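So the structure is just underneath, and the comments pick up after that.
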There are 2 protein chains.
Amino acid sequence: MLRAKVSGKRNHSMPTIKDVARVAGCSTATVSRALATPEKVSDTTRERVAQAIADVGYAPNVAARNLRRAESKTIVALLPDISNPFFSEIINGMEEVAHLAGYQVLIGDCEHDPARAEAYFELLPTNQADGILLLTAEVPMVLVRQADGQSSFPLVMACEFFADIDLPTVAIDNHQAACHAIDYLISLGHRRIATLSGPAANPICKERVRGYHDTLAAHGLVAEARIVEGDFGFRSGYQQGLALLEPGRTRPTAIFCHSDEMAIGVLKAARQLGLAVPGQLSVVGFDNIGFSEYCEPELTTISQPRNEIGQQAMRLLLGLMRGEPVVRRQTLSTQLIVRKSTGRPDA
Amino acid sequence: MLRAKVSGKRNHSMPTIKDVARVAGCSTATVSRALATPEKVSDTTRERVAQAIADVGYAPNVAARNLRRAESKTIVALLPDISNPFFSEIINGMEEVAHLAGYQVLIGDCEHDPARAEAYFELLPTNQADGILLLTAEVPMVLVRQADGQSSFPLVMACEFFADIDLPTVAIDNHQAACHAIDYLISLGHRRIATLSGPAANPICKERVRGYHDTLAAHGLVAEARIVEGDFGFRSGYQQGLALLEPGRTRPTAIFCHSDEMAIGVLKAARQLGLAVPGQLSVVGFDNIGFSEYCEPELTTISQPRNEIGQQAMRLLLGLMRGEPVVRRQTLSTQLIVRKSTGRPDA
DNA sequence: CGCTCGAATGTAAAGCTTTACACTAGCATG
DNA sequence: CATGCTAGTGTAAAGCTTTACATTCGAGCG
């Protein structure tokens, strides 16, 4: 296993397919075939090539390959915000299946800025990326429509979705998850249950709010509905928590939050107002991030199968790219994890 | 601004430099020069080319460019673990300067697995990456030596460092930061101060432990030193917290933790054992992650200028690649942020 | 005027791989 | 035996850009 030696300057000249061909005593075409379509090459040749590759320490030049094949073996994963720990496990799942299939994943952190998203979409027509996995709906609609229109720009959504574009999607049933959480709170005896939603325009939040309403209605509690809006982050949870729990007003006895971070913000607000959790206030989060086990009190929350979402989304995307028949819409199941932040309301 | 039209199948054939040349009435070389070295082209030609580019909707084919230039305009950022929120802001900083310089950053999540790191290092000799930013020292030494030996494989460390390889580095002064924290605890009246270190083999942890020892010594408290080892995560903080605070043994009155996550784990352990924080136990964290303001009690911690670390590290790497003179070793300052988890020990 | 020099541009090769097409040899079939 | 097919391999073009080298033209200078 020799490495091309390096002279003083910029000269990491790797051996090329030509060197391999020379050593193996065949043409470059045969070497290429031995790598790409081994079954089209005789056993003996295949072995000679393999040996030659090892001897000269050959590794394919991907730029040349990408140029010739007009592809990049790169998938872009578009996130709204990389600092949200919710995404890390999804990314892990995506990478697992991407790597197995010989793809790289380029993480595109949009920081909630549509212009950033646009820049990443530009990678598609220029062959710098072969497909996009959307983990956010905060993307200029026109880009999505445009890309979705052309069958050769594969797009898959994970977790989120668009109300009016039917992209291939893998996600949970947000409506059902919300019903589950609210049902549970009602079964504990809560009647005044508020929702701390994510951005109101977000379709998944709408789904959850719908589940919230439906469940209240099923128990004749529509009059009690109260919804405030946050941005999924700690701070907004804290602020809206203070608003919801404002003394002098009739307080909700439970708050259903659309993210764990917001729920933890609410916990802080409750602490500051001297409210006992879960005695005077029950709190349910969403996502089951790592911190939810370490806050005080430990958070009751809805767990999404994040790794599996990532895996399935990537499988769906790759399947689409290969033109395989795929299930365009996959729904994975959630789980209500009951910890210490919920309980019967004090009388 | 025309877009090449797309026929049924895989045909996003973008216009090439040839099309631009034809429309502009010049050679491809001139177009290329107009883009890469505008000053070598006459004003009128430059304008004609610009117009032609706009007319045909040209965008350079990066694969061809990369092939020809033997570069990729990609920097790999190697992380030990993407789920640690400590890194997100560093990544933001890196991306800011990388994008301005026309570079992409590929996030390489090693998940603490040296084999993963090795795979990313392979991108260097094959021109799939132009440089590596190391945010972890959990990398096979041999790779680093090898890469560092060849001036054309630029390597920069951020936050971490190797004891015995002198790579260009941007980091904080871990010794000083630890001294600061311990000094502060001593000034509050603490004498039995324990340290919950990260992995003992980690050079930055060694530095912090050294600062801890030095400061204890300066106050004649060497006999009180007590160190346990964690892995920076919540869980290890909780477990080691339980061990340190075990009833029946003389407890430390303060614990200096090498990460906020571990500190939050300790907080949970203290809660479980019924210890009042800060009355019976003071806790200091490290990193000032977002959670640290939302745990109970709010965490006193050491803040690193994470965005700036990311920016400087990327600047250093790019400078190195351009052969500019650079400061190979940059130390940024930290700040002790006093919140509610520290106080005078109860008598 | 003859020459040199510089600016602006063109020509064509090089970078490395993949693949359409061509070719050969061996075998089976009619 | 002629024919056709297949498996295995080679030749060379194509993919797009950059850049060394060549060329042209005009200006400046002695």
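Letters A, B, ... mirror the listed sequences (proteins, then strands); counts begin at 1. Note: hydrogens, waters and symmetry copies are ignored here, and every other heavy atom, side chains too, is used. Small disclaimer: the values here were computed from a predicted structure and weren't measured.
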Listed partners of [X] passing side-chain contact (heavy atoms from CB on, under 4.5 Å), at least two apart:
{"X": "B:A59", "answer": "A:T126, B:M14"}
{"X": "A:S88", "answer": "B:I82, B:S83"}
{"X": "A:P140", "answer": "A:P114, A:A117, A:V142, A:L143"}
{"X": "A:A101", "answer": "A:Y103, A:L318"}

Original post:
Hey, does the side chain of B:S72 reach the backbone of B:Q128 with a donor-acceptor pair shorter than 3.5 angstrom?
Top reply: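 Looks like yes, one N/O pair under 3.5 Å.
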[atom1] of [X] versus [atom2] of [N]: gap in Å, rounded?
{"X": "B:N66", "N": "C:dC16", "atom1": "CG", "atom2": "P", "result": "13 Å"}
{"X": "A:R69", "N": "C:dT18", "atom1": "CZ", "atom2": "C1'", "result": "7 Å"}
{"X": "A:I17", "N": "C:dT19", "atom1": "CD1", "atom2": "P", "result": "11 Å"}
{"X": "B:Q128", "N": "C:dC16", "atom1": "CD", "atom2": "C1'", "result": "14 Å"}
{"X": "B:K73", "N": "D:dT17", "atom1": "NZ", "atom2": "P", "result": "16 Å"}
{"X": "B:L35", "N": "D:dT19", "atom1": "CG", "atom2": "C1'", "result": "14 Å"}
{"X": "B:E71", "N": "D:dC16", "atom1": "CD", "atom2": "P", "result": "19 Å"}
{"X": "A:D43", "N": "D:dA7", "atom1": "CG", "atom2": "C1'", "result": "12 Å"}

Subject >> Pairs touching residues 40-54 of chain B that satisfy salt bridge (charged side-chain N to carboxylate O under 4.0 Å, His left out), sequence neighbours left out >> reply: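 Sorted result for residues 40-54 of chain B: B:D43-B:R46.
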**OP:** Can you run down the salt bridge (charged side-chain N to carboxylate O under 4.0 Å, His left out) pairs that involve residues 155-164 of chain B, sequence neighbours left out, and say none if there aren't any?
**Re:**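 Checked against salt bridge (charged side-chain N to carboxylate O under 4.0 Å, His left out) - neighbours excluded - the pairs reaching residues 155-164 of chain B are B:R145-B:D164.
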Original post:
Which residue, B:T44 or A:A59, contacts DNA chain C at a nucleotide closer to its 5' end, judged by nearest heavy atom?
Top reply: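 Result: B:T44.
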Can you list the residues that meet the side chain to side chain donor-acceptor pair (under 3.5 Å) rule with [X], with sequence neighbours excluded?
{"X": "A:R65", "value": "none"}
{"X": "B:T37", "value": "none"}
{"X": "A:H112", "value": "A:E138"}

Pull out every protein N or O sitting under 3.5 Å from an N or O of nucleotides 22-27 of chain D, one pair per line with the distance.
none

**OP:** Check whether the side chains of A:E95 and A:N92 place a donor and an acceptor atom closer than 3.5 Å, and report yes or no.
**Re:**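 Absent: no donor and acceptor within the cut-off.
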Original post:
How bent is the helix from C:dC1-D:dG30 to C:dG30-D:dC1, comparing axes over its five end pairs at each side, to the nearest 10°?
Top reply: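 The two end axes of the helix from C:dC1-D:dG30 to C:dG30-D:dC1 meet at 50°.
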Protein N or O to nucleotides 11-15 of chain D N or O, pairs below 3.5 Å:
unit_1	atom_1	unit_2	atom_2	d
D:dA14	N3	A:R68	NH1	2.8

